[in-house]
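Chain letters run A, B, ... following the sequence lines, proteins first, then strands; residues in each count from 1.
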Amino acid sequence: MEEKIEKHTIAVLVDNEPGVLARVIGLFSGRGYNIESLTVAEVNNADHLSRITLVTSGTRMVVEQIKAQLDRLVPVHKVHDLTDEGPSVERELALVKVAGTGDRRIEALRLADIFKAKVVDATLTSFVFELTGTTAEVDDFVGLMAQLGLVEASRTGVVAMSKGATGF
Amino acid sequence: MPEQKLTGAQIVIKALKDQGVDIIFGYPGGAVLPIYDAIFQQNDIRHILVRHEQAAVHAAEGYARSTGKVGCVLVTSGPGATNAVTGLLDALCDSIPLVCLSGQVPTHLIGNDAFQEADTTGITRPCTKHNYLVKDVNQLARTMHEAFYVARSGRPGPVLVDIPKDVQFADGTYVPPTEVKHKTYRPQVKPEIARVEEAIELIATAKRPIFYTGGGVVNAGPIAGKLLTQFVKMTSFPITSTLMGLGAFPASDPQWLGMLGMHGTYEANLAMYNCDVMINIGARFDDRVTGKLSEFAPGSKKIHVDIDPSSINKNVAVDIPIVGDAGAVLEDMIRIWKARQKRVDQTALKEWWGQVEGWRARNCLNYNRTEAVIKPQYALERLREALRGKNHYVTTEVGQHQMWAAQFLPFDEPNRWMTSGGLGTMGYGLPAAIGAQLAHPDAIVVDVSGEASFLMNMQEIGTAVQYRAPVKIFILNNKYMGMVRQWQELLHGSRYSNSYSEALPDFVKLAESWGCVGLRATTVAEVDEVIEKMLAVTDRPCIIDIAVDPKENCFPMIPGGKAHNEILFGPEDSPSDATPEDGMVLV
Ligand SMILES: Cc1cc2nc3c(=O)[nH]c(=O)nc-3n(C[C@H](O)[C@H](O)[C@H](O)COP(=O)(O)OP(=O)(O)OC[C@H]3O[C@@H](n4cnc5c(N)ncnc54)[C@H](O)[C@@H]3O)c2cc1C
Ligand SMILES: Cc1ncc(C[n+]2csc(CCOP(=O)(O)OP(=O)(O)O)c2C)c(N)n1
Ligand SMILES: [Mg+2]
């Protein structure tokens with residue numbers, strides 16, 4: 001009875017207190033769940049609330065278990081499964097450093113233009129591009145740059161939000 | 001009124017008093033000296049000095065489980081805190097409400113590898129329900145109250161509060177519990193009524209029903225046990241319970257089938273296997289209970305009542321999940337059952353009970369009665385007779401003796417039976433017995449022990465002597481780590497690797513060296529005699545060394561990874577050829 005593996009994007013609103021990220025990460029490592037991506041930052045300064053977006057995968061039963069486990073962490077306010085709860089948007093930001101000269105440099109710049117990446121640093125032999133897009137778009141861009149002198153890529157991981165007027 | 005300033009240590013004590021703490025189990029050290037000083041200057045809270053911090057936690061567990069209150073522990077930084085870790089995890093696994101206070105190096109030294117510094121919140125994060133490091137004395141009172149709230153609410157568990165020494169010295173403001181409301185933690189207590197109604201409809205159509213109840217009913221308090229009993233009586237269904245749930249339904253009732261699971265009764269396990277409707281209240285489908293998951297109660301519809309949503313659909317997919325407190329749900333169940341004037345299917349039930357009685361007639365707990373050697377089961381039967389009608393509590397260590405105690409000692413009330421189920425911690429029983437005894441000074445408290453487990457925390461005899469806790473340590477001495485030997489026999493070709501209890505002390509002399517009473521039984525005739533003598537001791541601990549059959553194994557047994565209908569009844573059944581690979585790896 002092989003069950004289907006599903007990929008889910010989950011948003012978690014937590015109290016921004018010391019150790020809260022360790023609790024979330026410890027939960028995943030301790031229970032053997034996958035984390036494909038995790039981002040966190042304070043979103044409400046006055047109430048010290050942080051929003052964690054994480055992408056995980058597992059069978060339906062495991063994904064439900066992950067949400068229940070997250071929800072029972074004491075500093076967690078809310079857990080939302082954006083994959084289950086209707087349409088949502090997901091974005092990643094990446095900084096991509098490419099070094100090279102001549103044709104390769106020109107090709108890198110052209111591709112950056114197609115992907116609507118911004119140049120945020122330039123030298124005579126290198127660029128740092130800033131790109132925002134879906135994970136797949138960022139993957140594609142980084143994949144192309146790998147052939148044009150990719151030095152390093154730094155990615156934020158996914159942030160996500162449901163579409164429409166209502167929020168957390 | 002001018003704001004009154006207290007030191008951090010005084011705030012701790014005041015918070016404990018306001019939370020109704022009357023006993024705290026602990027062990028001093030540099031990082032908690034201010035709190036010890038504050039303890040010295042008051043008389044409301046009694047401090048019990050243990051001999052090892054692990055025991056402080058187990059003692060608090062025994063206290064908590066036998067009273068329904070939150071148990072309380074105080075340990076120093078570094079080794080004090082790390083010694084407490086096993087106890088904390090034990091309490092987490094068995095859902096026992098505790099608050100553990102630990103000292104920490106002063107805030108300005110945290111992270112500097114200071115003397116006796118440990119990352120206590122880091123180490124205990126996966127071993128507690130929640131933990132705190134308090135860096136500001138003005139947050140201390142609030143944090144203490146929150147800790148108690150979190151420990152006792154929802155699914156109970158241990159909470160640790162780590163308090164740096166400078167915070168204990170600093171002056172701060174106290175806030176009473178009434179002014180503290182938790183920001184996020186609001187477990188669901190009342191169930192969704194529609195779900196309860198669905199459950200009632202299913203229960204009313206059941207032809208082969210069974211109640212499978214667990215520690216959650218005990219967690220829900222004595223009222224939940226009463227409601228459970230009432231509902232089970234109304235339906236006349238059979239009922240079984242986990243190791244952790246024993247006593248919530250009276251064992252003396254004919255509807256009681258005994259414990260289920262790996263060492264459960266034949267009738268309980270077969271009734272589970274063959275049921276068409278399973279009503280799980282406060283049990284968590286532990287692997288010791290389900291056995292082979294794919295063959296767990298294969299033809300059944302399942303109702304699962306649990307206060308922790310993460311317990312539901314974790315191991316076993318259920319048809320009707322009900323999130324809520326066992327007591328609250330049972331109350332609704334009874335009310336709706338009555339309001340809808342539900343009747344059970346008498347004909348089907350009669351047939352079902354016929355089947356169940358057939359299984360019961362197999363008399364699966366029978367053992368080879370002999371005069372030649374003391375059988376551990378016999379010793380427990382005699383203990384049972386001696387305790388009958390007396391106000392008593394039983395704790396256990398971990399091993400064969402624990403399972404025999406579960407099989408042979410009946411409990412008619414919850415909170416009378418304390419055992420380490422989820423973690424299976426050898427060394428739990430003696431300190432837990434001390435905790436229970438201090439909470440119930442006039443009761444008889446017996447720790448059913450194995451000789452190997454006893455050695456793990458035997459230093460606590462000193463604690464029992466100091467506080468005149470007349471606990472009875474009832475050692476079923478088989479000279480083996482019997483449970484290990486049993487598995488080696490069944491799964492490892494009887495190669496008894498390191499499972500013999502070599503170099504045992506003379507337990508009678510050991511008792512005497514502490515000024516306690518030591519007793520020994522080596523023949524069947526002596527068993528009643530030592531039990532009688534043991535019960536006569538009321539002012540000091542008593543160690544009873546019972547030389548039992550070293551070869552006896554615990555049956556019935558469902559080997560790991562097997563289904564409920566694949567039960568071994570005794571030494572004549574050999575599973576070795578049939579134990580599946582995936583069962584071998586289970587513990
Ligand atoms: C050597 C050994 C052998 C063992 N053999 C067996 C065996 O044969 N049979 C057996 O049963 N066990 C056995 N155990 C114990 C086993 O490992 C588990 O500890 C036990 O089965 C779990 O019991 P439980 O399901 O009642 O859950 P518990 O651990 O008691 O958990 C309680 C459940 O109830 C829920 N709950 C808590 N509070 C409430 C509330 N107020 N309302 C509703 N729900 C609530 C919790 O969320 C949790 O899901 C053995 C242990 C050892 C060490
Ligand atoms: C702290 C700890 N270490 C190891 C084990 C594994 N273990 C389970 S039962 C057992 C043997 C217990 O021996 P004893 O106390 O003599 O009890 P018996 O089985 O003989 O009744 C062991 C080693 C454990 N449960 N706890
Ligand atoms: Mg033994």
Side-chain angles (χ1 to χ4, degrees), chain A residues 1-4 6 8 10-33 35 40 42-52 56 58-81 84 168, chain B residues 89 92 95 107 110-111 119-136 139 142-143 146-147 149-151 153-162 182-188 284-285 293-295 304 306-318 321 323:
Chain A
M1 195 179 63
E2 276 301 287
E3 268 196 84
K4 213 174 94 231
E6 304 176 5
H8 284 246
I10 297 169
V12 191
L13 203 64
V14 299
D15 272 333
N16 184 15
E17 61 179 38
V20 67
L21 193 58
R23 279 180 215 289
V24 171
I25 291 172
L27 176 70
F28 277 74
S29 63
R31 293 185 183 265
Y33 305 142
I35 303 188
V40 57
E42 193 165 81
V43 290
N44 179 332
N45 193 264
D47 295 332
H48 300 289
L49 293 177
S50 287
R51 179 160 167 148
I52 298 174
T56 183
T59 60
R60 174 47 68 172
M61 208 158 153
V62 168
V63 171
E64 291 304 326
Q65 186 57 210
I66 289 173
K67 288 186 275 181
Q69 292 290 351
L70 283 168
D71 208 26
R72 80 204 269 264
L73 294 178
V74 169
V76 166
H77 287 255
K78 285 180 198 169
V79 177
H80 278 276
D81 186 334
D84 270 359
F168 245 130
Chain B
L89 185 56
L92 184 69
S95 302
T107 39
I110 290 178
D119 174 7
T120 301
T121 47
I123 291 170
T124 60
R125 198 169 288 127
C127 306
T128 51
K129 181 174 173 185
H130 194 54
N131 63 20
Y132 302 87
L133 169 64
V134 185
K135 287 183 168 175
D136 173 1
Q139 290 302 319
R142 169 174 304 277
T143 307
E146 265 194 33
Y149 167 77
V150 170
S153 307
R155 180 179 186 165
V159 177
L160 177 132
V161 184
D162 202 24
H182 201 280
K183 270 195 286 187
T184 48
Y185 189 61
R186 305 256 185 293
Q188 180 175 349
R284 58 183 171 85
F285 293 110
L293 273 177
S294 58
E295 283 183 49
H304 187 187
D306 202 296
I307 202 159
D308 180 354
S310 80
S311 279
I312 291 176
N313 289 328
K314 178 166 66 181
N315 308 327
V316 171
V318 299
V323 176

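- Ranking A/His77, A/Lys67, A/Glu17 against chain B, the residue ahead of the rest is A/His77, based on heavy-atom pairs under 4.5 Å.
- For a residue to count as touching a neighbouring chain, one of its non-hydrogen atoms must lie under 4.5 Å from one of that chain's; by this rule B/Arg155 touches chain A with the side chain only.
- For a residue to count as touching a neighbouring chain, one of its non-hydrogen atoms must lie under 4.5 Å from one of that chain's; by this rule B/Leu133 does not touch chain A.
- Remark: aromatic rings of B/Tyr185 and B/His130 are distant, center separation not under 6.0 Å.
- Looking at B/Asn131, the atoms closer than 4.5 Å to chain A (heavy atoms on both sides) sit in the backbone and in the side chain alike.
- A donor-acceptor pair shorter than 3.5 Å can be found between the side chains of B/Glu146 and B/Tyr132.
- Contact annotation for A/Val76: only backbone heavy atoms (N, CA, C, O) come within less than 4.5 Å of a heavy atom of chain B.
- Heavy atoms of B/Asp119 lying under 4.5 Å from chain A are absent altogether.
- At a 4.5 Å heavy-atom cutoff, A/Asp71 makes no contact with chain B through either its backbone or its side chain.
- You'll find the side chain of B/Arg125 reaches within 4.5 Å of the side chain of A/Arg23, heavy atoms only.
- Contact annotation for A/Glu64: neither backbone nor side-chain heavy atoms come within less than 4.5 Å of a heavy atom of chain B.
- Contact annotation: the side chain of A/Val63 approaches that of A/Asp81 to within less than 4.5 Å [non-hydrogen atoms, C-beta and beyond].
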Handout entry: Working for salt bridge (Lys or Arg N to Asp or Glu O under 4.0 Å), residues B/Asp306 and B/Arg284
Key = CA-CA 8 Å; B/Asp306 202 296; B/Arg284 58 183 171 85; over 6 Å; no
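- Summarising the geometry, atom CE belonging to A/Met61 is positioned 7.5 Å from atom CD belonging to A/Glu3; distances are rounded to the nearest 0.5 Å.
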